[in-house]
2 protein chains.
Amino acid sequence: MLARGKGIAVWRQVSEILEAGMADGTWGRGARLPTEAELALRFGVNRHTVRQALRDLADRGLVRAQQGSGTFVERAPLTYPIGPRTRFSDIVVAQAREPSGLLLAETAEPASPLVAEALRLRPGEPVIRLETTRHADGVPISWAVSAFPAERFPDMAAVYRETGSFTAAFRAAGVADYVRAETRIGARIADALDAERLEIAIGRPVIEIDCVNSDLEGRPIQWARARFAGDRVRVTVG
Amino acid sequence: MLARGKGIAVWRQVSEILEAGMADGTWGRGARLPTEAELALRFGVNRHTVRQALRDLADRGLVRAQQGSGTFVERAPLTYPIGPRTRFSDIVVAQAREPSGLLLAETAEPASPLVAEALRLRPGEPVIRLETTRHADGVPISWAVSAFPAERFPDMAAVYRETGSFTAAFRAAGVADYVRAETRIGARIADALDAERLEIAIGRPVIEIDCVNSDLEGRPIQWARARFAGDRVRVTVG
DNA sequence: TATAATCGTCTAGAACTATATACAACTCAT
DNA sequence: ATGAGTTGTATATAGTTCTAGACGATTATA
């Protein structure tokens, strides 16, 4: 059950198993985990080791221990459904968590062949490029690079800087609604940049999602490549 | 770059970073890795720690060290492209590796609502259910549960037992070609069953892929849920 | 052949992880 | 109020990991 000698501390493995139990619904928000003594017996480890694992979970805000009472689930990993209208803030709020984000970088630059194709532009046409991160309750969930046709959305960066919302920025540019035209999902291993932006260890699993959003006339308005912390998110399709 | 105090040994992190470098093409098969001294300098660790990482890679068959010469890539993680025709054996052979697999279990049983829907059957209609694992060069890559309409493929288990190939089994049942009708990709954490079948530690990343294959008339012929060892596979879409 | 480069092995000490035992402090049920 | 259950803290020991330094063995190059 627990691997030893493989370079992953036993406490870490216990911590991850418990976290998986929260993600798969075994223990929902507010649920009481088994006692330390019980977990120690189950995992066949010393109670101190279990405490270390629980401490890790507590440090990450996933559980809260109450002396004499037990350890309770504060929040489970985020379920991130991909559908026609995928709106980060709505998803996070719907799970009683507070969304926030950061604009890391903004440039106006010529579209690369990949971006040009996705946005149905000629390579070299100007696009607005934004790098952003997304948090739930202050915990990094994803970071992304997005590209927008510069001609149609010249103020994208300014509005996003102000509002922190793509939906708001699109609305300000006259796009009242938009839908997901295309999604590609892959599994990656966190590199140094992921590690920094998502506050995870290099080598941890990362879900990479490439997508194109279109307005209701079918014109592409956004290409994005997002990388999610695989330990913090469960992606569902449909 | 390297996280300390997070329960993942430094050597393990170095090992995983090097493995990622092999996966993303930085070092292809046969390529010579940087020297131990160089890697120690780069990672800011003791050479002994680097040696531990390389030892791990060698133990897993990914590299081969030659004294006085260097350390060379034996093989990189498997790149697993998902497309209209996704055939495990072809993918593995194309990467100069030897595919193999095991039939773990076979039953004829009534279709669950999920399977029935995917195969356009009524719940309770009989399906052939197979549990299989897939290996490359003897290393477990994935395990899967598949379901087939029993009426159309009554001999699926027997033929698969003989040939170890779904493609061959379909052909024997008169389906000369089939395509991927639907794919759902998620990231999971390895549970006890994954750990056993994939020979990985519980808690390691697992890529879960639910799919439906159809014949060329669009009739669903197979539902499958596969779980890939995230450390051994890179999934690409398209 | 000699030299430089590189992996392999060895010894030693410090830091981290895991186990064991015990007691304190708090919560909850009776 | 009392007792049982549970988390919190402390001390000690053993095992593992990481660092450091040195030398041996093999390979590659001039």
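Here the structure is a predicted model, which means the values were calculated and not measured. Sequence lines set the chain letters: A, B, ... in the order given, protein chains first and strands last, and positions in each chain run from 1.
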Length of the CG-P vector between A/Leu33 and D/dG5, whole Å: 20 Å
Spacing of B/Leu39 atom CG relative to C/dT6 atom C1', expressed in whole Å: 12 Å
Whole angstrom value for the distance that separates P of D/dT17 from CZ of B/Arg55: 12 Å
Whole angstrom value for the distance that separates P of C/dC26 from CD of A/Glu36: 16 Å
Quickly work out the B/Arg51 CZ to D/dT19 P distance and round it to whole Å. 15 Å
Taking N or O atoms only and anything under 3.5 Å, show me the protein contacts with nucleotides 10-19 of chain C, one pair per line.
| unit_1 | atom_1 | unit_2 | atom_2 | d |
| --- | --- | --- | --- | --- |
| C/dA18 | OP1 | A/Val10 | N | 2.4 |
| C/dT19 | OP1 | A/Arg4 | NH1 | 3.3 |
| C/dT19 | OP1 | A/Arg4 | NH2 | 3.3 |
| C/dT19 | OP2 | A/Asn46 | N | 3.1 |
| C/dT19 | OP2 | A/Thr49 | OG1 | 2.5 |

Indicate yes or no for a side-chain donor-acceptor contact from B/Gln13 to the backbone of B/Ile8 under 3.5 Å, with no hydrogens or angles considered. yes
Starting at CD of A/Gln67 and ending at C1' of C/dT27, how long is that distance when rounded to a whole Å? 9 Å
To the nearest 10 degrees, what angle separates the axes at the start and end of the helix from C/dT1-D/dA30 to C/dT30-D/dA1, five pairs each? 30°
Would you say C/dC7 has OP1 or OP2 under 4.0 Å from some side-chain N or O of B/Thr71? yes
Answer with base, sugar-phosphate or nothing: what part of the nucleic acid does B/Arg32 contact at a heavy-atom distance below 4.0 Å? sugar-phosphate
Is there a donor-acceptor pair under 3.5 Å between the side chain of A/Glu36 and the backbone N or O of A/Val50? no
Ignoring hydrogens, what is the shortest heavy-atom contact between B/Ser146 and B/Gln222? Give both atom names and the distance. OG-NE2, 3.1 Å
Distance (rounded to the nearest 0.5 Å) between A/Leu198 CG and A/Ile141 CD1: 9.0 Å
Does any N or O in the side chain of A/Arg75 come within less than 3.5 Å of the main-chain N or O of A/Gln95, such that one atom is a donor and the other an acceptor? no
Atom of B/Gln52, atom of B/Trp11 and distance for their closest heavy-atom approach: CG-CG, 3.3 Å
If only atom types and distance count, is the side chain of A/Arg12 paired as donor or acceptor with the main-chain N or O of B/Lys6 below 3.5 Å? yes
So which heavy atom on B/Ala168 is nearest to which on B/Thr163, and how close? CB-OG1, 3.9 Å
Considering only C/dC7, C/dT27, D/dA28, which nucleotide approaches the side chain of A/Ser69 most closely? C/dT27
So, taking the atom named CG in A/Leu39 and the one named CZ in A/Arg51, what distance separates them when rounded to the nearest 0.5 Å? 12.0 Å
